[in-house]
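Here the structure comes first, spelled out in structure tokens, and everything after it is commentary.
So that the names make sense, note that chain A is the first sequence line, chain B the second, and so on, each numbered from 1. Quick caveat: nothing in here was measured; it's all calculated off a predicted structure.
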There are 2 protein chains.
Amino acid sequence: MGTETDFKVTDSEWEVMRVVWAHGQVSSKEIINVLEQKMGWKPGTTKTFIGRLVTKGMLDTQTEGRRYLYSAKVSENKFVRHSLGDFFSHVCNKEVGKTIAEVLSEATLSHQDIALLQEVLEAKKKVAVDVVPCNCVPGQCHCNVHHH
Amino acid sequence: MGTETDFKVTDSEWEVMRVVWAHGQVSSKEIINVLEQKMGWKPGTTKTFIGRLVTKGMLDTQTEGRRYLYSAKVSENKFVRHSLGDFFSHVCNKEVGKTIAEVLSEATLSHQDIALLQEVLEAKKKVAVDVVPCNCVPGQCHCNVHHH
DNA sequence: GATTAAAGTTTACGTTTGTAAACGATTCGT
DNA sequence: ACGAATCGTTTACAAACGTAAACTTTAATC
């Protein structure tokens, strides 16, 4: 064991990660600047989060001179997808389609996005089911509450 | 001020909320039972979360005899959408379409879901933009990192 | 070469969360 | 009517988080 990436970051740490992902490689100075701007954080605050992310195994350090350049151990895309998966673990499988439909109708989409989405849906048709099975524990979703 | 619903619950509290949403009105006994099953929580643990949710203004109490029946102040749908909105605040607007496409390709969808999604997309076409504007702070996404 | 500036590490401390037992009031069974 | 079972409330306590100053080491400046 040791440096296993645990894929669980807080909202504040996520802010730091975004700066790192945006840059690929970045100094603490740059991270501190960006987040002082956006979040109003004191340098010390950002330093704490950077340190915790290194400990959590989310950030790698490359020695540049005697300072560090930070980089992400996990890609932003991978991370976002993982987190979204986590999110949907709170929602009944039956509801996922509807939920996404709602998000989509609120989102700003480009023609290209729409084309991509339609493509995905077209492909999905081939593996679509008649009824999505509920994956919830009894008593935790409408599909299987036992009323009395 | 006083009972403003703050719409922010922890993962554990979310488990409680799901039981309440599933039942509409429910006793603590029932909540405790379901979560003892699913989470292996001791009754005291569940009681704590129920109490905190009442304090947070997420749960209402109806007096039934001298016990309570709990009900949610916010609908599950509303809550999920709100939380998803929160989630996407961590992602550049430009990426939202692609991200949703990825989730969709992993999800189990029914024919009905797909039809609904296609309908939504069809409607979206009319308001689609050529290029989704980036909504990120400089230095926090690829759209506007200033390399040097 | 001594002073200062910068960067990483330690320490600090209040709040929130996870986990639960203890307590107090009440109701129900006998 | 008395003891037992319930249910809500209080108290407890460690770990995680948000926020940040202090300290240490190293590098750069004069």
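Following rounding to the nearest Å, A:Gln62 (CD) and C:dA7 (C1') show an atom-to-atom distance of 16 Å. D:dG8 atom P lies 11 Å from atom NZ of B:Lys29, rounded to whole Å. Across the protein-nucleic acid pair, A:Ile31 atom CD1 and C:dA7 atom C1' stand 12 Å apart, rounded to whole Å. Going from atom CG of A:Asp11 over to atom P of D:dA16 covers 17 Å, rounded to whole Å. Separating the CD atom of B:Glu15 from the P atom of C:dT19 is a distance of 11 Å, rounded to the nearest angstrom. The CD1 atom of B:Ile50 sits 15 Å away from the P atom of C:dT19 (whole-angstrom rounding). Nucleotide C:dA5 holds its P atom 14 Å from the CZ atom of A:Arg67, rounded to whole Å. If you measure from atom CH2 of B:Trp14 to atom C1' of C:dT16, you get 18 Å, rounded to the nearest angstrom.
For the segment residues 34-42 of chain A, the set of residues with a heavy atom within less than 4.0 Å of an atom of DNA chain D comprises A:Trp41, A:Lys42, in numerical order.
Using a 4.0 Å heavy-atom cutoff across all strands shown, B:Phe49 reaches at least one base atom of the nucleic acid.
When the side-chain nitrogen and oxygen atoms of B:Lys8 are compared with OP1 and OP2 of C:dT15, none of them lie within a distance under 4.0 Å. Contact check, A:Thr45 against D:dT19: no side-chain N or O comes under 4.0 Å of OP1 or OP2. For A:Ser28, no side-chain nitrogen or oxygen approaches OP1 or OP2 of C:dA6 to under 4.0 Å. A sub-4.0 Å separation between OP1 or OP2 of D:dG18 and a side-chain N or O of A:Ser12 is present.
Not counting sequence neighbours, the partners of B:Ile100 by the side chain to side chain contact (heavy atoms under 4.5 Å, CB included) test are A:Ile100, A:Val103, A:Leu104, A:Leu117, B:Phe88, B:Val96, B:Leu104.
Between B:Lys42 and B:Glu36 there is no salt bridge, since no side-chain N of the basic residue sits under 4.0 Å from a carboxylate O of the acidic one.
For the residue pair A:Ser110 and A:Asp113, a side-chain donor N or O sits within less than 3.5 Å of a side-chain acceptor on the partner. Side-chain contact of B:Glu64 with B:Gln25: a donor-acceptor pair under 3.5 Å is absent, judged by distance alone. In this model, a donor atom of one side chain and an acceptor atom of the other lie less than 3.5 Å apart for A:Asn77 and B:Glu102.
Here the two rings, on A:Trp14 and B:Phe87, have centers that are under 6.0 Å apart.
Listed for the B:Lys124 side chain is a donor-acceptor partner under 3.5 Å among the backbone atoms of A:Ser105. In this structure, the side chain of B:Trp21 engages the main chain of B:Val74 through a donor-acceptor pair within 3.5 Å. Of the possible polar contacts, none joining the B:His82 side chain to the B:Lys78 backbone as a donor-acceptor pair under 3.5 Å is found.
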Do any N or O atoms of the protein come closer than 3.5 Å to N or O atoms of nucleotides 10-13 of chain C, and which pairs are they?
none

